[in-house]
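Below is one structure, written out as structure tokens; the observations come after it.
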Amino acid sequence: MSENHTAPKTANNWAYTDIVKDHFLNPRNFIMGDEAKWKADGEGLVGNPVCGDQMLVKIRVKNNKIADIGWKTYGCASAIASTSALSELAKGRTLENADKISAKEICDYLGGLPEHKFHCSVLGHQALHQAIKDYQSKHKE
Amino acid sequence: MFSSVIIKEMIYLDFSATTPLLPAVKKELLRIMELDLGNPSSLHSAGQTGKSLLNRARSEVAQLIEARPQSVIFTSGGSESNNTVIRTFEGCPIFVSAIEHPSVLHPAEAYGAPCTKIPVNQQGIIDINFLQTELEKTIIKDPKQKILVSVMLANNETGTIEPVAEVAQLIQDLKKSTHTKIYLHTDATQAVGKIPVSVKALNCDYLTFTSHKLGGPVGIAALYIRPGSPFKPLIMGGAQENKRRAGTSNVLLASGFKVAAQEAKKNLNKYQEVAKLRDYLAKEIKKKIPSAKIITPIEDKAIGPFELIKENSRISGGDYERARSMAGATRSASRSARLVDDGNQTEFFQARKEPIVCLPNILNISFPAAEGESTQLYLDLENIEVSTGSACASGDLEPSHVLMAMYHDAEIAHGSVRFSFGLTTTRAEIDELLAKLPPIIAKIQDLSTIKQGKS
């Protein structure tokens, strides 16, 4: 049997980059268990299960900086990886800087995403934006 | 070499997507490749050798669906076969089930005037009453126009078997009473090779089936056309395929298809064992992941119409509907199902041997709060290959239209995973899957914004 033209089954056959795969397999900063128990200063929720993607982002703020960030995501590999990436990007930044994180920045951090995934699954920054607004509205007075 | 070792470790549970080439098919393909064949349309010897190989292939392939060879043409794939039938009825009213393959659905939407979609219940079985009412309305409007009804024999995502024989009976009745020309097409791509399929028993005008779901090569399929039924070629040109499909005949792939068809016929009975594996997987998943929703209507086997009929002296409402749908799923059961209508349960009982409502080799399960593409990819990292009805995994980012038609619930569609088996699937592979799956689902559910049981 000639084996040389059988494509080997390796992770290289994936539609996603190795960085995406790593974040998908080992998501950073996600909230284990009940998210209600994860005390936060602000939170944001975007997307919905009907579309197939939903992200919850919660932040703890110290000295105007994101001291801690936690999240949950319902969605595909790229949705999970992009929220994980966002959490890494946002951690330690000032609120102003964190609010500037764009879908493109997340995508670049992950080494790129398939074109059709970019628009639907990269929503984490919007959830973060909401979380920051939520924090700011609570701390106006 | 490395690949043989690695391939062995892969647990392939996506046979409904495509099947690996059977060893006998590979052998045949290599044998044909060694022959220096001419064009089967050429009159010289090299051409005529090709022609006789092509005829042989046609005859074997036709036998698989109990058709005569001259009623079967080769096409490039199931999609072409389906498109060819639909395009023949361009500008006519076309009725299709809501769960057809896109290669029926899209051309029907584009060329039907109008295209009517037949809704399905949660088992995925079409609403025959709806079809009857809508057909009658269409006939009253214009009894002279041709009508096409296209209902798949078995669904590719759930494995649900449709009551095609009963649809054929309905069409015959309507034709008799109204003299309107109504034709029936069935896409039997998933059913052929898994359950007995006969164009005579189904009484259909057109039937689609393909090679690569049977362990044959991709790139060749067949279309059965009942003699006398309307036909317009989709690909025009030369006189190949009895002037029904132009293009140089593909002797190589047709020969591969031939061997796949022979093997399918030989191995049909072995699918009973596959059904046992499927039932085992379903039972164990339910045990390990109680929130899992079994989409494929296998449960109905246990509480099949037998019991229903035995227990109830009169069949009414939903029970009757269920019994009737299931009856239609077996060959030549349509008549007996009609007898139930007259209250004659005994006949119905006798006509049935065992309720068959789904294919033996497909199990579709939806995991709440666990998006299907994630499940699929985590399983892939464990070298287990499955498919999903999630929007994320599809090219068009829409959740499975099949599951949407059955449940009208996007979350069920997004969470669905299809396990499809072949004759080579082993109990050990299923056990491996059963060991790997629960922690994966638990992890995805923990990551999820959706709480189990909340939605």
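Proteins come first, then strands; the chains are lettered A, B, ... in the order of their sequence lines, and each starts at number 1.
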Quick one: [atom1] on [X] to [atom2] on [Y], what's the gap to the nearest 0.5 Å?
{"X": "Tyr74(A)", "Y": "His414(B)", "atom1": "OH", "atom2": "NE2", "result": "5.5 Å"}
{"X": "Lys443(B)", "Y": "Leu25(A)", "atom1": "NZ", "atom2": "CG", "result": "6.0 Å"}
{"X": "Leu56(A)", "Y": "Ile450(B)", "atom1": "CG", "atom2": "CD1", "result": "12.0 Å"}
{"X": "Thr449(B)", "Y": "Leu45(A)", "atom1": "OG1", "atom2": "CG", "result": "6.5 Å"}

Positive for side-chain contact (heavy atoms from CB on, under 4.5 Å) with Leu447(B), one of Ile80(A), Thr73(A), Thr83(A) = Ile80(A)
Which heavy atom of Cys76(A) sits nearest a heavy atom of Glu373(B), and at what distance?
-> CB-OE1, 3.0 Å
Can any side-chain N or O of Glu371(B) pair as donor or acceptor with the backbone N or O of Gly52(A) at less than 3.5 Å?
-> no
Using a 6.0 Å cut-off, check whether atom [atom1] of [X] has over 12 heavy atoms from anything other than its own residue.
{"X": "Asn26(A)", "atom1": "CG", "answer": "yes"}
{"X": "Glu96(A)", "atom1": "CD", "answer": "yes"}
{"X": "Met32(A)", "atom1": "CE", "answer": "no"}

Heavy-atom distance under 4.5 Å to chain A: side chain of Ala370(B), backbone, both or neither?
-> backbone
Side chain proximity check, Phe24(A) to Ser374(B), heavy atoms < 4.5 angstrom = yes
Tell me, for Pro27(A) versus chain B, whether the close heavy atoms (under 4.5 Å) come from the side chain, the backbone, both or neither.
-> side chain
